Chemist: 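Here's a structure for you.
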Protein chains: 4
Amino acid sequence: MRRSTSAQTEKAKARGRGPSLEKTARTRDAIIAAALQEFLEKGFADTTMEAVARRADIAKGTPYRYFPTKDALFEGVVRQRVAGALVEVNAANRAPGETVLAFLRRTMVPAMHDVERKGRAAIARLVLTEGARFPVLVDIYRREMFDPLLVELRALLQAARDEGELKSGVLVEHPDLLIAPIWYGIVHNELLHRRRKVDIGELFEVNLDLLFRR
Amino acid sequence: MRRSTSAQTEKAKARGRGPSLEKTARTRDAIIAAALQEFLEKGFADTTMEAVARRADIAKGTPYRYFPTKDALFEGVVRQRVAGALVEVNAANRAPGETVLAFLRRTMVPAMHDVERKGRAAIARLVLTEGARFPVLVDIYRREMFDPLLVELRALLQAARDEGELKSGVLVEHPDLLIAPIWYGIVHNELLHRRRKVDIGELFEVNLDLLFRR
Amino acid sequence: MRRSTSAQTEKAKARGRGPSLEKTARTRDAIIAAALQEFLEKGFADTTMEAVARRADIAKGTPYRYFPTKDALFEGVVRQRVAGALVEVNAANRAPGETVLAFLRRTMVPAMHDVERKGRAAIARLVLTEGARFPVLVDIYRREMFDPLLVELRALLQAARDEGELKSGVLVEHPDLLIAPIWYGIVHNELLHRRRKVDIGELFEVNLDLLFRR
Amino acid sequence: MRRSTSAQTEKAKARGRGPSLEKTARTRDAIIAAALQEFLEKGFADTTMEAVARRADIAKGTPYRYFPTKDALFEGVVRQRVAGALVEVNAANRAPGETVLAFLRRTMVPAMHDVERKGRAAIARLVLTEGARFPVLVDIYRREMFDPLLVELRALLQAARDEGELKSGVLVEHPDLLIAPIWYGIVHNELLHRRRKVDIGELFEVNLDLLFRR
DNA sequence: TATGAATGAGTATTCATTCAT
DNA sequence: GATGAATGAATACTCATTCAT
């Protein structure tokens with residue numbers, strides 16, 4: 001545990017990524033993981049830095065070596081999770097001859113089933129419940145998740161219209177209607193009816209079918 | 001902050017200390033109004049009792065004469081607003097010969113336009129953002145607003161199905177799809193895109209038309 | 001209940017002691033009684049003026065018509081009780097030919113038995129527990145109860161010495177030793193062993209006999 | 001208040017913030033000492049945590065690192081003092097051939113003189129004045145000090161009776177009479193006559209002699 | 001780098017007291 | 001006189017943050 005500092009530094013320099021750096025990264029991850037759990041369970045205001053440290057099994061002062069303030073920690077946590085989540089729908093990936101409906105079914109429906117399993121719904125909830133206090137989070141979320149998805153959807157719906165798959169152009173004007181059930185599901189499952197959850201994937205699919213019906 | 005000092009002084013003098021039913025009611029209303037504003041603007045955690053009192057133009061201790069704790073004040077405020085909001089859709093009010101689609105258009109669409117104007121969206125947001133800390137509020141909201149609306153919608157959709165207005169029974173199974181755009185709109189306007197709002201009424205209407213389309 | 005004010009005043013003046021004065025005195029007594037109970041049960045610090053008023057079945061502001069402050073109320077309560085308690089032992093009352101021991105037995109022992117029954121021990125306890133905060137109370141108690149008793153006892157012991165009933169003069173120097181068991185009993189019963197009380201009268205008597213033994 | 005500002009500043013600088021067992025112990029001692037002084041001077045209710053901290057020359061929040069509440073601080077302080085005070089009289093220590101009277105004189109009388117000097121009378125007073133609010137303290141006091149002493153005394157008096165030193169068995173029934181003057185002295189000196197104190201040791205001794213007189 | 005003792009600003013809550021009715 | 005709504009000073013307690021070790 002107690003090697004001479006110089007020896008440690010040399011080693012680190014020699015490898016370019018010494019054990020201390022690795023440990024540092026591990027500590028950082030532990031802090032983020034612990035903080036996320038706490039924020040999800042208690043919300044920002046009721047989460048204490050001490051609880052985060054305890055959960056990460058480190059000292060109370062250590063998180064401050066990685067994040068200057070509690071606010072920064074929160075932002076860092078959410079930023080990481082949001083940045084890590086890629087948009088699942090990319091119009092460019094549509095197979096030749098594949099209808100838009102088929103494409104959306106193929107890509108979005110499985111993604112929906114992942115929404116809750118991979119904790120994305122929980123992150124979305126956090127952005128919703130704490131967004132008023134942290135506009136940055138909302139900005140990030142919008143930029144990384146919300147807006148890109150709408151852009152893709154709009155393009156897809158435009159293609160569907162152009163290719164005659166959609167009779168009317170109204171959906172092109174309101175791509176929101178495709179994702180409304182998702183948000184409804186998040187609100188329902190995460191905030192309003194935590195016991196009796198709806199199946200977001202199914203809801204999305206049924207809605208999709210109805211909207212694309214001729 | 002927003003009043004001239006002299007106006008404040010006059011008010012203070014006007015507000016007496018003696019017993020008076022009228023005064024009591026007025027004070028209570030002032031507290032509730034002030035508290036609601038503060039809670040909406042700052043959230044529960046960042047609202048101080050002192051700020052509420054200041055906003056209501058009363059002394060720091062006065063709110064405690066009406067609500068024993070900050071929690072109780074919050075609950076009281078939200079409870080009052082939620083209880084006061086009646087569900088606008090009552091299947092029994094459908095005019096003879098009126099289609100379900102026409103009925104929903106007639107009743108829901110104007111209600112949607114009221115959602116934001118009358119502050120109901122704001123209350124919904126508060127229930128969403130603080131519901132984790134105050135499960136009672138979620139219970140109330142569900143009991144008074146959410147569940148009753150779904151019940152009515154389900155009955156209407158069943159009628160639409162029975163009367164041949166709907167070809168498929170899938171909507172009867174998922175009345176949620178009718179209100180999904182509303183929640184999407186609330187989330188969008190109140191939490192995600194406070195600058196660029198969507199028109200919840202229009203969204204609801206377009207969605208309605210698409211879902212009822214033959 | 002609602003007579004004209006003037007009629008009431010006239011009546012009061014006519015009798016010289018009208019019903020309002022009588023009622024006033026009754027209210028005052030109710031306040032004192034209620035306050036004493038509260039102070040005994042909760043101590044000064046934990047007694048609220050509101051609790052006193054509630055117990056006296058009057059409004060919160062009414063006690064202030066009789067006592068300007070809570071301190072004054074406390075002082076008034078104790079003062080009244082202490083002043084009302086006469087010293088039981090008066091050397092002048094000794095019957096001709098009666099030994100001092102016999103006299104003390106005749107007068108003190110029954111008084112001791114009253115100490116607890118009539119709430120004097122409770123008052124003494126209140127003076128002990130709150131005396132540090134209210135030196136006035138201690139002064140009153142000393143002046144009205146403590147010192148006079150010692151004076152009488154000293155005189156009696158001197159007489160006993162002069163009349164040969166006591167062989168030694170040591171008790172004359174320490175009349176305290178006669179009352180020590182009383183205070184011990186008060187401390188024991190009121191503060192240390194509220195469940196298993198000692199019989200103060202018996203303790204006093206046994207001690208008396210031992211001290212007067214030849 | 002009692003220190004020059006510069007002295008205070010120096011101290012503050014000397015007190016570091018880092019972990020240190022020695023510092024911890026010193027801080028804890030400072031808190032307990034300061035709290036005891038405050039409680040003795042003001043009583044529990046009138047002692048503020050801020051005053052304790054100021055007296056200990058630490059920050060307002062520091063005492064809470066050692067005692068979770070004001071109640072716990074008070075209990076901790078008294079508990080420590082009561083636990084630290086051993087009963088001076090142990091029947092087993094009686095020298096062979098030593099009379100009980102001589103033994104009591106040898107052991108108790110010096111102890112009495114210590115009672116006030118070492119602050120035991122003050123602790124006893126605190127237990128008396130705050131015992132109603134803190135029954136635990138009374139329990140501790142009884143268990144550690146009061147009951148053990150009575151047990152020893154009863155044994156000694158029984159021995160004195162058995163060995164013919166006492167003619168009557170009445171004292172065996174009432175060992176309280178031996179300690180009555182002590183409590184009288186405490187009440188007198190600590191609460192009733194803080195100016196004109198009695199000599200508890202002398203009172204005890206005179207009483208002892210009178211009770212053991214043949 | 002990590003630690004955790006110490007800091008002190010911030011806040012909910014209480015309650016003696018006032019005074020218009 | 002009595003009432004009780006309103007006042008606001010006082011205070012226990014929390015917790016993000018700092019920094020000597």
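Throughout, protein chains are lettered first and strands after them, A, B, ... in sequence-line order, and every chain is numbered starting at 1. The shown structure was predicted, so the numbers you read here are calculated from the model rather than taken from an experiment.
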Chemist: What does the 5'-to-3' dot-bracket notation of DNA chain F look like when only Watson-Crick and G-U wobble pairs under 3.5 Å count, and pairs to other strands show as |?
Modeler: .||||||||||||||||||||
Chemist: Please say which of D:Val82, D:Leu137, D:Ile31, D:Leu36 ends up in a side-chain contact (heavy atoms from CB on, under 4.5 Å) with D:Val77.
Modeler: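 The single option meeting the side-chain contact (heavy atoms from CB on, under 4.5 Å) with D:Val77 is D:Leu36.
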Chemist: Starting from P on E:dT11, measure out to CZ on B:Phe44 and report it in whole angstrom.
Modeler: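 So the two atoms are 13 Å apart, to the nearest Å.
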Chemist: Quick one: on DNA chain E, does A:Ala59 or C:Thr47 contact a more 5' nucleotide (nearest heavy atom)?
Modeler: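 So the residue in question is A:Ala59.
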Chemist: If you round to the nearest 0.5 Å, how far is CZ of D:Arg81 from CD1 of D:Ile140?
Modeler: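 That separation rounds to 14.0 Å.
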Chemist: Could you tell me how far apart A:Asp46 (CG) and F:dA16 (P) are, to the nearest whole angstrom?
Modeler: 10 Å
Chemist: Quick one: which residue pairs count as a salt bridge (charged side-chain N to carboxylate O under 4.0 Å, His left out) with a foot in residues 64-75 of chain D, not counting sequence neighbours?
Modeler: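 Listed once each, the pairs are D:Glu75-D:Arg79.
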Chemist: Are the side chains of D:Phe74 and D:Glu38 in contact, using a 4.5 Å heavy-atom criterion?
Modeler: no
Chemist: What's the verdict on side-chain contact (heavy atoms from CB on, under 4.5 Å) for B:Val78 and B:Leu126, showing C-alpha distance, side-chain angles and the deciding distance?
Modeler: CA-CA 8 Å; B:Val78 176; B:Leu126 215 47; 4.2 Å; yes
Chemist: In this structure, how many angstroms lie between the C1' atom of F:dG8 and the CG atom of B:Asp57, rounded?
Modeler: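 Going from CG in B:Asp57 over to C1' in F:dG8 covers 14 Å.
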Chemist: Dump the intermediate steps for side-chain contact (heavy atoms from CB on, under 4.5 Å) on C:Phe39 and C:Glu130, then the final yes or no.
Modeler: CA-CA 10 Å; C:Phe39 287 137; C:Glu130 309 292 352; over 6 Å; no
Chemist: Quick check, are the ring centers of A:Phe134 and A:Phe44 under 6.0 angstrom apart?
Modeler: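 Under 6.0 Å, so yes.
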Chemist: Round to a whole Å and report the spacing from CD of B:Glu50 to C1' of F:dT11.
Modeler: 14 Å
Chemist: Okay, side chain of C:Arg54, backbone of C:Lys60: is any donor-acceptor separation there less than 3.5 Å?
Modeler: no
Chemist: Rounded to the nearest angstrom, tell me the gap between atom CZ in B:Phe39 and atom C1' in E:dA12.
Modeler: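 That distance rounds to 12 Å.
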Chemist: For DNA chain F, which residues in residues 60-78 of chain A have a heavy atom at a distance below 4.0 Å?
Modeler: A:Lys60, A:Tyr64, A:Thr69, A:Lys70
Chemist: What's the CE-C1' distance between C:Met49 and E:dT18, to the nearest Å?
Modeler: 12 Å
Chemist: Take the protein atom CD1 of D:Ile31 and the nucleotide atom P of E:dA5, then report the distance between them rounded to whole Å.
Modeler: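 Roughly 12 Å, once rounded to whole Å.
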Chemist: Provide, to the nearest angstrom, the distance between the CD atom belonging to D:Glu38 and the C1' atom belonging to F:dT11.
Modeler: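 Taking CD of D:Glu38 and C1' of F:dT11, I get 14 Å after rounding.
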Chemist: Can you name the one residue among C:Leu40, C:Val52, C:Leu73 that meets side-chain contact (heavy atoms from CB on, under 4.5 Å) with C:Thr47?
Modeler: C:Val52
